[in-house]
Q: 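Please find one structure pasted underneath; my questions will follow.
Lettering of chains follows the sequences in order, A, B, ..., and the numbering in each one begins at 1.
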Amino acid sequence: MSRFIDELKRTHRCGELRASDEGKEVILFGWVASRRDHGGCVFIDIRDREGIAQLVFDPEYAKADVWASRKGATVQSGDLSHVLDAHHLAEQVRGEWVIGIRGVVVSRGQNKNPKIPTGDVEIIVTEAAVFNRAETPPFEITDEIDTREEIRLAYRYLDLRRIPLQRTLRMRHDINRVTRNYLSDQGCLELETPFLVKYTPGGARNFLVPARLSPGKFYALAESPQLYKQLFMVAGFDRYFQIVKCFRDEDLRLDRQPEFTQIDVELSFVNQDDVFSLIEGLVFSIFKDVLKKDLRALYPEGRFPRLPFNESMARYGNDKPDLRFGLEHTDLTELVIEQAGGGVSFWAEIAEKFRSGQYRREVPAEIVKALVIPASANLSRPQLEELERGLKEIKGFKGLARAKVAEDGTWTQSPLAKSITPEARQKINETVGAKAGDVICFQFGKTAVVHTVMAKLRVDIAKRTGLIPEYGHGDQWRFLWVTNPPLFEYDEDTGRWAAAHHAFTRPVDEHIPLLESDPARVECYRYDLVLNGFEIGGGSIRLHDPEVQARVFKTLGIDDKDAREKFGFLLDALKSGAPPHGGIALGMDRTAMLLTGAPTLRDVIPFPKTNQGTDQLTGAPVVVDASQLAELQVKSTFQPPG
RNA sequence: GGGGUGGUAGUUAAGUUGGUUAUAACGCCGGCCUGUCACGCCGGAGGCCGCGGGUUCGAGUCCCGUCCACCCCGCCA
């Protein structure tokens, strides 16, 4: 073994070899991917992080005259002595053994394999060593795999050995590298912030860490570097970035992990446009370098389109619309009010509440929306019913009213067909642009539920009809800035106004007069970057004017004392000469997921957690002994069931 | 907190109205094979049907509970 490693150093990685390497003597190290034993000649595919190469172990090559017949391949006669040993070894090796070989790269002649990049060549092995044997793995280490994720995660080190995951993690590295270079070139300093921070109520739930040196007290793990990056601006660092882990103790999803990575940026003396162009430049660079794709073909101005939040909700039902396809919503609330319900009793009730002034048109509590499935989608009735079943997982969903439009504009296959007035029907057909054979889907009731249902319906239809793939980008990239959402949200439970994002977001200038009189209509300089229906980043221009800040707090019902307790150090800092500033954080994991086309975030994170937040590999989290808790002066109240 | 889907050899799946010895493919082990690359051919081993109760003469199959994984709603400023 010491002859390899110590004397014979690796010359190439397996996946790198090409026709241009023919005739070279190479030394390769790697894992046995497959072995095909023909009795005499043995083929072994050897794998490393770059790919796979075919090794040939053939006793015939112990003879010098056989070499002479092989064009372009020469070998020292003294080296032939190991060929038979190598062949003997090849007969014994098994999958995933770690081996080292010395050999000569030759052309495969008539036997090229077009399926792999190294398929033009093979290596005739003249010397070999086994570094380590391996137990049979619980699943095959191949590119395509259908093994349950549960098992893949329990043996993550084997899963990660697969070429697609090697490629994915390398892409993450590339994104990191481009980001560091680009943001450094743009004058941003990479500065670090603490993970162990002060607990902040509200917002995402914090992970808590007992503070041994301060018995009875706890740190929180940072949910983001938000406060600290603002302090960097106050301190005059002017432009900052960090590729940083964030921790949030919330329920998980396919695009959410309890610890995740953000590309965090904060800039002084900027407005929203400045933040956008910096980030657009970053995304263009990442696409060019990592995907070899020039986004200027799609966005010649070098800018992504923008859509106000309210318009996004109206047209798509959410704040992260997938723009790879149409199927926009139509808001029929006004039409329904004008038609006094158009004969539909549920709609009449809603219309009446608007007429009586119980509901406001600017911020409607209930709405009526429609979405047209074009006749060309050619969905059968059972398929439509299956779409409806898919919506049942949304809380508050009561059913989807459909109407198939006939040649004469009447509706069939619809619970609404009998009651709708001809006038209302005709106006709806016109407004939604429905033609014969189209199916109009209706949803009405509580605004939030209608939006959620219709947003899911829109995406489900697109997937079902093949407008977009089930997952992955389908080589379509549609970016969007969603801008100016409301600053406040009314909390039904407490009857108070709450900050929709955080209390330090700058209101849109022309809405500042409404801060007290009509908080619902105050929009702010907050923005999300959306790619193919995923929010990949979000940020805001911060509120640095103490006078406006005080008015925002007032609307939120936070008095001076509360404000001091909650945000004391930040308020002091903002009064100490804070520059106008703003920033953004990009979700590094989501970006990697979208760029690689991976179906879940877990596929772009080396060691992810399950949906229950457990690590299948290590078993974390675990119960710790009483003595460890005692040292921390922490007592668990957990009672095992039963 | 709520809704849904799944768990059967190492892996992926099939398993009929509840009925003899629980199937198949791949993988694994042994043998043969000098141009394969999803090598081929012959033979073999491999199972607490997630776990715990119940119904039944009899449960992979029916019922209850529970654990685990996945998807969604709430939640994630």
Side-chain angles (χ1 to χ4, degrees), chain A residues 33-45 52-61 66 87 91 94-96 108-116 118-119 122 135-155 158 200-206 223-224 226-227 246-258 260 389-397 448-449 452-453 455-456 459-460 470-471 485 487-489 491 498-505 524 526 535 538-540 556 585 587 599-600 602 609-612 614 616 641-642:
Chain A
S34 105
R35 185 176 70 105
R36 295 175 295 279
D37 185 344
H38 290 258
C41 175
V42 178
F43 297 100
I44 286 179
D45 290 342
I52 280 176
Q54 173 164 289
L55 308 177
V56 183
F57 297 78
D58 190 334
E60 288 291 299
Y61 284 101
V66 175
H87 178 258
E91 288 180 318
R94 290 293 183 269
E96 301 312 315
R108 289 219 210 166
Q110 297 302 305
N111 298 314
K112 291 183 171 33
N113 182 354
K115 290 183 205 160
I116 56 174
T118 61
E122 61 191 1
E135 288 179 9
T136 303
F139 49 85
E140 286 180 77
I141 315 297
T142 53
D143 291 3
E144 298 293 324
I145 197 171
D146 51 10
T147 300
R148 221 176 314 152
E149 207 178 346
E150 203 173 340
I151 293 159
R152 289 173 46 200
L153 290 176
Y155 300 91
L158 294 177
T200 50
R205 191 179 294 115
N206 291 108
E223 25 179 288
S224 80
Q226 184 61 41
L227 295 173
C246 303
F247 306 88
R248 294 180 190 173
D249 188 7
E250 294 293 342
D251 286 4
L252 307 177
R253 288 282 193 285
L254 89 118
D255 61 348
R256 285 193 225 155
Q257 281 276 306
F260 59 97
R389 268 199 298 284
L391 300 173
K392 281 186 182 158
E393 60 195 21
I394 296 169
K395 198 176 180 182
F397 175 72
V449 177
T452 306
V453 169
K456 183 169 193 313
V459 174
D460 286 353
E470 186 62 30
Y471 63 85
L487 179 58
F488 301 106
E489 248 170 22
D491 186 333
H501 296 286
H502 67 81
F504 296 90
T505 305
C524 61
R526 151 100 207 168
E535 180 197 319
S540 63
L556 292 171
T600 82
R602 294 182 294 276
K609 304 280 191 290
T610 69
N611 272 354
Q612 292 305 311
T614 63
Q616 295 294 96

Q: Whole angstroms only, please: what is the CD-C1' distance between A:Glu140 and B:rA25?
A: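 About 11 Å, once rounded to whole Å.
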
Q: Using a strict cut-off of less than 4.0 Å between a Lys/Arg side-chain nitrogen and an Asp/Glu carboxylate oxygen, indicate whether A:Arg256 and A:Glu250 qualify as a salt bridge.
A: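 No, this pair does not count.
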
Q: Report yes if a side-chain nitrogen or oxygen of A:Lys112 is closer than 4.0 Å to either non-bridging phosphate oxygen (OP1 or OP2) of B:rC37; otherwise report no.
A: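 No, no such contact exists.
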
Q: On a whole-Å scale, what distance lies between the P atoms belonging to B:rG27 and B:rU11?
A: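 Here B:rG27 and B:rU11 have their P atoms 15 Å from each other.
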
Q: So, does A:Thr118 use its side chain to make a donor-acceptor pair with the main chain of A:Ile52 at under 3.5 Å?
A: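 Between the backbone of A:Ile52 and the side chain of A:Thr118 there is a qualifying donor-acceptor contact (under 3.5 Å).
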
Q: Considering only side-chain heavy atoms of A:Arg602, which listed nucleotide, B:rU11, B:rC37, B:rC70, is closest?
A: B:rC70

Q: Considering only heavy atoms and no angle criterion, is a donor-acceptor pair shorter than 3.5 Å present between the side chain of A:Glu122 and the base of B:rG35?
A: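 Between B:rG35 and A:Glu122, which were checked side chain against base, a qualifying N/O pair under 3.5 Å is present.
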
Q: Under 4.0 Å between a side-chain N/O of A:Thr147 and OP1 or OP2 of B:rU11, yes or no?
A: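 Answer no for this pair, as no side-chain N or O of A:Thr147 is under 4.0 Å from OP1 or OP2.
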
Q: Counting only Watson-Crick or G-U wobble pairs whose two distances fall under 3.5 Å, which nucleotide matches B:rA69?
A: B:rU5

Q: Check every atom of B:rC76, B:rU36, B:rC70 against the side chain of A:Glu250 and return the nucleotide holding the closest atom.
A: B:rC76

Q: A:Lys456 or A:Gly203: which one's nearest nucleotide on RNA chain B is closer to the 5' end?
A: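 Nearest-nucleotide comparison on RNA chain B picks A:Lys456.
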
Q: Please report, rounded to the nearest Å, how far the P atom of B:rG7 is from the CG atom of A:Leu153.
A: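 Rounded to whole Å, this separation is 19 Å.
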
Q: Remember a base hit wins even if backbone is also touched, and classify A:Gln612 as base, sugar-phosphate or nothing at under 4.0 Å, heavy atoms.
A: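 If one applies the 4.0 Å heavy-atom cut-off, A:Gln612 turns out to touch the sugar-phosphate alone, with no base involved.
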
Q: Is there a side-chain contact between A:Phe260 and A:Arg248 in this structure, where contact means two heavy atoms from C-beta onward sitting under 4.5 Å apart?
A: yes

Q: Let's see if you can work this out: which of B:rU34, B:rC72, B:rG35 has an atom nearest to the side-chain heavy atoms of A:Leu254?
A: B:rC72

Q: Would you say B:rU8 has OP1 or OP2 under 4.0 Å from some side-chain N or O of A:Arg148?
A: yes

Q: May I ask you to evaluate whether A:Arg94 reaches the phosphate of B:rC29, defined as a side-chain N or O under 4.0 Å from OP1 or OP2?
A: yes

Q: Just how far, in rounded Å, is C1' of B:rU34 from CD of A:Glu91?
A: 12 Å

Q: Can you find a donor-acceptor N/O pair under 3.5 angstrom joining the side chain of A:Asp58 to the base of B:rG35?
A: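 For A:Asp58, whose side chain was compared with the base of B:rG35, there is no donor-acceptor pair (under 3.5 Å).
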
Q: Could you tell me the Watson-Crick or G-U partner of B:rG74, where both distances fall under 3.5 Å? Say none if there is no partner.
A: none

Q: Stepwise, does the side chain to side chain contact (heavy atoms under 4.5 Å, CB included) test hold for A:Leu55 with A:Phe43?
A: CA-CA 6 Å; A:Leu55 308 177; A:Phe43 297 100; over 6 Å; no

Q: How close or far is atom C1' of B:rU12 from atom CD of A:Glu150, stated in whole angstroms?
A: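 That distance rounds to 14 Å.
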
Q: Return the nucleotide paired to B:rG40: Watson-Crick means purine N1 to pyrimidine N3 with N6-O4 or O6-N4, wobble means G-U with N1-O2 and O6-N3, both under 3.5 Å.
A: B:rC32

Q: For atom P, what is the distance between B:rC42 and B:rU21, given to the nearest Å?
A: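 Per the computed distance, 30 Å lies between those P atoms.
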
Q: Working to the nearest 0.5 angstrom, can you tell me the gap between A:Ile44 CD1 and A:Arg36 CZ?
A: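 Rounded to the nearest 0.5 Å, the CD1-CZ separation comes to 9.5 Å.
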
Q: So, is A:Asn111 near the phosphate of B:rC37, with a side-chain N or O under 4.0 Å from OP1 or OP2?
A: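 No, A:Asn111 has no side-chain N/O under 4.0 Å of OP1/OP2 on B:rC37.
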
Q: Distance check needed: B:rC72 C1' versus A:Arg256 CZ, whole Å only.
A: 10 Å

Q: Paired with B:rU12 by Watson-Crick or G-U wobble geometry, both distances under 3.5 Å: which nucleotide is it?
A: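 Partner of B:rU12: B:rA24.
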
Q: Of the listed nucleotides (B:rU34, B:rC37, B:rC70), which one gets closest to any side-chain atom of A:Glu149?
A: B:rC70

Q: By the 4.0 Å heavy-atom rule, please label A:Thr600 as base, sugar-phosphate, or nothing.
A: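 Sugar-phosphate, no base atom in range.
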
Q: With a sphere of 6.0 Å drawn around CD of A:Gln612, does it hold more than 12 non-hydrogen atoms of other residues, nucleotides or ligands?
A: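 Incorrect, the count does not exceed 12.
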
Q: Could you check whether A:Ile145 gets within reach of a base, just the sugar-phosphate, or nothing at all, counting any heavy atom under 4.0 Å?
A: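 Contact class for A:Ile145: none.
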
Q: Are the side chain of A:Arg205 and the backbone of A:Asp249 linked by a donor-acceptor contact shorter than 3.5 Å?
A: yes

Q: OP1 or OP2 of B:rC68 less than 4.0 angstrom from a side-chain nitrogen or oxygen of A:Gln616, does that happen here?
A: no

Q: Rounded to whole angstrom units, what separation is found between the CG atom of A:Asp251 and the C1' atom of B:rC71?
A: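 Distance check: A:Asp251 CG to B:rC71 C1' gives 13 Å.
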
Q: Rounded to the nearest angstrom, tell me the gap between atom CD1 in A:Ile116 and atom P in B:rC37.
A: 12 Å

Q: Identify all pairs in which a protein N or O lies below 3.5 Å from an N or O of nucleotides 39-46 of chain B, and state each distance.
A:
from   : atom 1 : to      : atom 2 : distance (Å)
B:rC39 : N4     : A:Asp37 : O      : 2.5

Q: Counting distance only, does the side-chain N/O of A:Thr142 pair as donor-acceptor with the main-chain N or O of A:Glu144 below 3.5 Å?
A: yes

Q: Sub-3.5 Å donor-acceptor pair from the side chain of A:Gln257 to the main-chain atoms of A:Lys609, do we have one?
A: yes

Q: Going by centres under 5.5 angstrom and planes under 30 degrees, do the aromatic ring of A:Phe43 and the base ring of B:rU36 stack?
A: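 Answer is yes, a stack.
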
Q: Rounded to the Å, how far apart are A:Glu135 CD and B:rC29 C1'?
A: 15 Å

Q: What nucleotide, of B:rC72, B:rU36, B:rC71, holds the atom closest to the side chain of A:Arg253?
A: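 Minimum distance to the A:Arg253 side chain belongs to B:rC72.
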
Q: Got a donor-acceptor pair under 3.5 Å from the side chain of A:Arg248 to the base of B:rC76?
A: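 No.
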
Q: Determine yes or no for a side-chain-to-main-chain donor-acceptor pair under 3.5 angstrom, with A:His87 supplying the side chain and A:Gly40 the backbone.
A: yes

Q: Starting the side chain at C-beta, find the nucleotide from B:rA38, B:rU34, B:rG35 nearest to A:Pro59.
A: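 Selected nucleotide: B:rU34.
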
Q: Hey, which sits more toward the 5' end of RNA chain B by its nearest nucleotide, A:Asn113 or A:Arg205?
A: A:Asn113

Q: Under 4.0 angstrom, heavy atoms only, what part of the nucleic acid is A:Thr614 near: base, sugar-phosphate, or nothing?
A: sugar-phosphate

